[in-house]
Amino acid sequence: MTSTEQAEGKSTTVANLAVVLSDQRKKVLLVDADTRKPTLHHVFSLPNRIGLTNVLVKQISCQEAFSKTKIDNLFVLTSGPIPPNPAELLGSSVMKEFSEKVLSEFDYVLVDTPPILLVTDAQVLANQCDRTIFVVNSGKANVDKTRKAKELLQSAKAKLLGVVLNNREIKDFNSYYIS
């Protein structure tokens with residue numbers, strides 16, 4: 001899950017998707033790979049002292065780093081301490097090994113990455129993931145920046161599953177569901 005810029009709703013979107021999938025009795029791991037500006041530990045009221053970065057530098061095992069949430073079947077791997085070299089760490093062979101391991105243990109592994117225009121981390125992770133979901137804030141999206149972000153995802157060989165249009169204001173809603 002990525003976005004063009006900050007504050008487009010990608011972390012909220014991926015957290016909600018994780019909850020929906022876990023409600024379907026799927027075992028879900030939500031990974032905060034936005035190591036520069038992590039937020040998922042706030043969303044789930046978890047500590048962020050240990051996390052993905054500790055796993056990738058082999059200080060702890062995956063199982064030691066996973067946090068069980070109050071939601072059945074939902075686990076979170078917070079980002080952990082901010083590393084000096086996030087893109088290098090996320091693109092390492094250890095990250096690939098980590099991905100293979102967790103994919104064998106969970107039905108879904110959802111990864112929250114930084115906005116694609118701000119740092120290269122999302123590009124590095126995009127081709128390691130089965131699919132990429134792109135979150136766009138309709139109220140603030142710049143067409144040229146959004147197009148550039150899409151091009152960066154394509155150049156990273158991301159398999160784009162789709163786009164979530166966030167914060168869309170509905171002015172005239174004609175539907176038989178509303179009385």
Review point. Between Q59 and N54, does any side-chain donor sit less than 3.5 Å from a side-chain acceptor?
Key: yes

Exercise for review: Report yes or no: do L160 and V136 belong to one cluster of Ile/Leu/Val/Met/Phe/Trp/Tyr joined by side chain heavy-atom distances under 4.5 Å?
Suggested key: yes

Check your understanding: For the side chain to side chain contact (heavy atoms under 4.5 Å, CB included) test, which of L56, N85, V111 pairs with L90?
Key -> L56

Check your understanding: Are Q123 and T120 linked by a side-chain donor-acceptor pair shorter than 3.5 Å?
Key -> no

Study note, to complete from the structure: Interatomic distance, CZ@F66 vs CG@L46, rounded to 0.5 Å, equals 13.5 Å

Exercise for review: Go through the steps for L17 and I133 under the test side chain to side chain contact (heavy atoms under 4.5 Å, CB included), then give the verdict.
Suggested key: CA-CA 11 Å; L17 179 57; I133 298 173; 4.1 Å; yes

Practice item. Tell me whether L77 is reachable from V28 by hopping between hydrophobic residues (I, L, V, M, F, W, Y) whose side-chain heavy atoms are closer than 4.5 Å. Key: no

Review point. If you look at every heavy atom in T146 and A141, which pair is closest and at what distance?
Key: OG1-CB, 3.9 Å

Point to revise | Cluster overlap L29 with V14, hydrophobic side-chain contacts below 4.5 Å | key: no

**Study point:** Heavy-atom closest pair, residues V124 and A87
**Key:** CG1-O, 3.9 Å

Review point. Is the side chain of N48 donor-acceptor paired with the backbone N or O of G80 at a distance under 3.5 Å, no angle test?
Key: yes

Review point. When rounded to the nearest 0.5 angstrom, what is the spacing between CG in L125 and CD1 in I116?
Key: 10.0 Å

Practice item. State whether the side chain of T2 and the backbone N or O of T113 hold a donor-acceptor pair below 3.5 Å, judged by distance alone. Key: no

Review point. S99 and K96: side chain to side chain contact (heavy atoms under 4.5 Å, CB included), yes or no, with the steps?
Key: CA-CA 5 Å; S99 297; K96 288 183 178 102; 5.6 Å; no

Point to revise | Minimum heavy-atom distance P114-A122, with the two atoms named | key: O-CB, 3.4 Å

Exercise for review: Without swapping roles, check the side chain of Q6 against the backbone of L118 for a donor-acceptor pair under 3.5 Å.
Suggested key: no

**Study point:** Closest contact, heavy atoms only, R49 versus P81
**Key:** O-CD, 3.5 Å

Review point. Is the shortest heavy-atom distance from the side chain of T53 to the side chain of I82 under 4.5 Å?
Key: no

Practice item. Please tell me if the side chains of M1 and V135 come closer than 4.5 Å, counting only heavy atoms from C-beta onward. Key: yes

Point to revise | Same apolar cluster (I L V M F W Y, side chains within < 4.5 Å links), V102/V31 | key: yes

Check your understanding: Between D112 and K10, is there a salt bridge with N-O shorter than 4.0 Å?
Key -> yes

Check your understanding: Is the backbone of T13 close enough, under 3.5 Å, to the side chain of N16 for a donor and an acceptor to pair up by distance?
Key -> no

Practice item. Establish whether L110 and V163 are linked, either directly or via other cluster members, by ILVMFWY side-chain heavy-atom contacts under 4.5 Å. Key: no

Practice item. Please check if atom CD in E97 has more than 12 non-hydrogen atoms from other residues, nucleotides or ligands closer than 6.0 Å. Key: yes

Study note, to complete from the structure: Nearest heavy-atom approach of N127 to K159 is O-NZ, 4.3 Å

Point to revise | By salt bridge (Lys or Arg N to Asp or Glu O under 4.0 Å) - contacts of K140 (at least two apart) | key: none

Check your understanding: What's the spacing between E151 CD and Q154 CD if we round to 0.5 Å?
Key -> 7.0 Å

Review point. Within 45 degrees of the axis of the six-membered ring of F75 and under 6.0 Å from its centre: does K27 put its NZ or CZ there?
Key: yes

**Study point:** Residues forming a salt bridge (Lys or Arg N to Asp or Glu O under 4.0 Å) with K145, sequence neighbours excluded
**Key:** E5

**Study point:** Heavy-atom pair with the smallest gap, counting every atom of S138 and L165
**Key:** CB-CD1, 3.4 Å

Review point. Any side-chain heavy atom of D23 sitting closer than 4.5 Å to one from I71?
Key: yes

Review point. So, the side chain of D32 versus the backbone of T39: is there a donor-acceptor pair under 3.5 Å, distance only?
Key: yes

Check your understanding: For A33, does its backbone N or O pair with a side-chain atom of S79 as donor and acceptor, under 3.5 Å?
Key -> no

Exercise for review: Might you confirm whether atom NZ of K68 has over 12 heavy atoms from other residues, nucleotides or ligands at distances under 6.0 Å?
Suggested key: yes

